[in-house]
Amino acid sequence: AQSVTQLGSHVSVSEGALVLLRCNYSSSVPPYLFWYVQYPNQGLQLLLKYTTGATLVKGINGFEAEFKKSETSFHLTKPSAHMSDAAEYFCAVRGGLAGGSYIPTFGRGTSLIVHP
Amino acid sequence: DGGITQSPKYLFRKEGQNVTLSCEQNLNHDAMYWYRQDPGQGLRLIYYSQIVNDFQKGDIAEGYSVSREKKESFPLTVTSAQKNPTAFYLCASTVDRGGNEQFFGPGTRLTVL
């Protein structure tokens, strides 16, 4: 079975500080991993993804994540937080096969709060 | 521009009424999904469809129904059997069933009065 654990429902940082949002997963199939961002009252937008190949993945808005198989982790980082980064962030893993399809599994989300 | 549209953005319903949420995509994607989002609970899968005229129940299908008569459209009906329908509803699509990234619509916020 697939699962995603996001450590911390809320993360608070100062503007200009490092952003680190944690994601651990379990998967019975080779994982595809995703980070999405959601601004208030909007849909989710893909930040970055890992499928195969390079384990350090760069995404939009200066975010990046590293796939660490041995640690079953896919933590999201950004060197310097901006006020505009305040949002909800979701980690997701390609799910198991159901009816011939891979259904994704989402974490519960982490709310990033950025202080001036 | 290609994308997913959901309408309406806000919807109010009286108890005991059925209501239908619209989801349309022009991405030519095969698969479409409906999620329910409640504060602190992440996304919960209601229904998904991989091809036209076929759909599967997700984790919380009770009180909901869907149809997939056209590739572009995947409407969700919230029936009176859904005991707590007030929530934010998100529609999504993927290019195929291979587990690639999902594209999301802007969501519909349903409030039961």
Side-chain angles (χ1 to χ4, degrees), chain A residues 1-10 21 23 25 27-53 57 59-60 65 74 87-111, chain B residues 3-11 21 23 25 27 29-51 54-61 68 87-111:
Chain A
Q2 279 61 238
S3 69
V4 175
T5 301
Q6 291 185 237
L7 203 61
S9 58
H10 294 82
L21 304 182
C23 173
Y25 71 92
S27 179
S28 57
V29 298
Y32 287 7
L33 294 157
F34 310 90
W35 275 101
Y36 295 87
V37 61
Q38 184 183 32
Y39 299 101
N41 292 312
Q42 296 185 26
L44 278 68
Q45 177 186 4
L46 182 71
L47 270 178
L48 49 78
K49 66 178 180 180
Y50 168 81
T51 54
T52 58
V57 179
I60 62 172
F74 191 56
E88 190 86 12
Y89 291 81
F90 291 93
C91 181
V93 65
R94 177 175 66 164
L97 272 174
S101 306
Y102 290 101
I103 305 302
T105 298
F106 284 84
R108 291 200 164 197
T110 297
S111 179
Chain B
I4 299 180
T5 57
Q6 291 186 243
S7 61
K9 180 67 175 176
Y10 298 95
L11 188 56
L21 282 60
C23 176
Q25 56 103 354
L27 300 166
H29 284 180
D30 288 335
M32 298 186 74
Y33 310 78
W34 273 105
Y35 292 94
R36 171 179 171 141
Q37 188 176 25
D38 297 281
Q41 295 199 43
L43 276 67
R44 292 186 289 170
L45 183 63
I46 305 173
Y47 269 98
Y48 62 99
S49 168
Q50 302 298 325
I51 56 173
D54 186 52
F55 47 83
Q56 307 293 330
K57 291 182 178 180
D59 301 319
I60 57 164
R68 186 88 184 275
F88 191 53
Y89 291 87
L90 287 162
C91 180
S93 69
T94 53
V95 62
D96 56 25
R97 58 180 72 190
N100 289 298
E101 70 266 28
Q102 292 183 301
F103 292 74
F104 285 83
T108 292
R109 186 166 297 281
L110 173 63
T111 303

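Below, chain A is the first sequence line, B the second, and so on; all start at residue 1. Computed over heavy atoms, backbone and side chain alike; hydrogens, waters and symmetry mates excluded.
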Check: B/Gln37 side chain, B/Leu90 main-chain N or O, donor-acceptor pair, under 3.5 Å: no
Region of A/Leu44 in contact with chain B, defined by heavy-atom distances below 4.5 Å: both
Side chain, backbone, both or neither of A/Gln6 within contact of chain B (heavy atoms, under 4.5 Å): neither
From CG (B/Leu45) to CZ (B/Arg36), nearest 0.5 Å: 13.0 Å
Distance (rounded to the nearest 0.5 Å) between A/Arg94 CZ and A/Ser27 OG: 7.0 Å
B/Asn100 versus chain A, the contacting section by heavy-atom distance below 4.5 Å: both
Leading residue by heavy atom contact count with chain A [cutoff under 4.5 Å; candidates B/Phe103, B/Tyr35, B/Tyr33]: B/Tyr35
is_close_aromatic(A/Tyr32, A/Tyr102), centroid dist under 6.0 Å: no
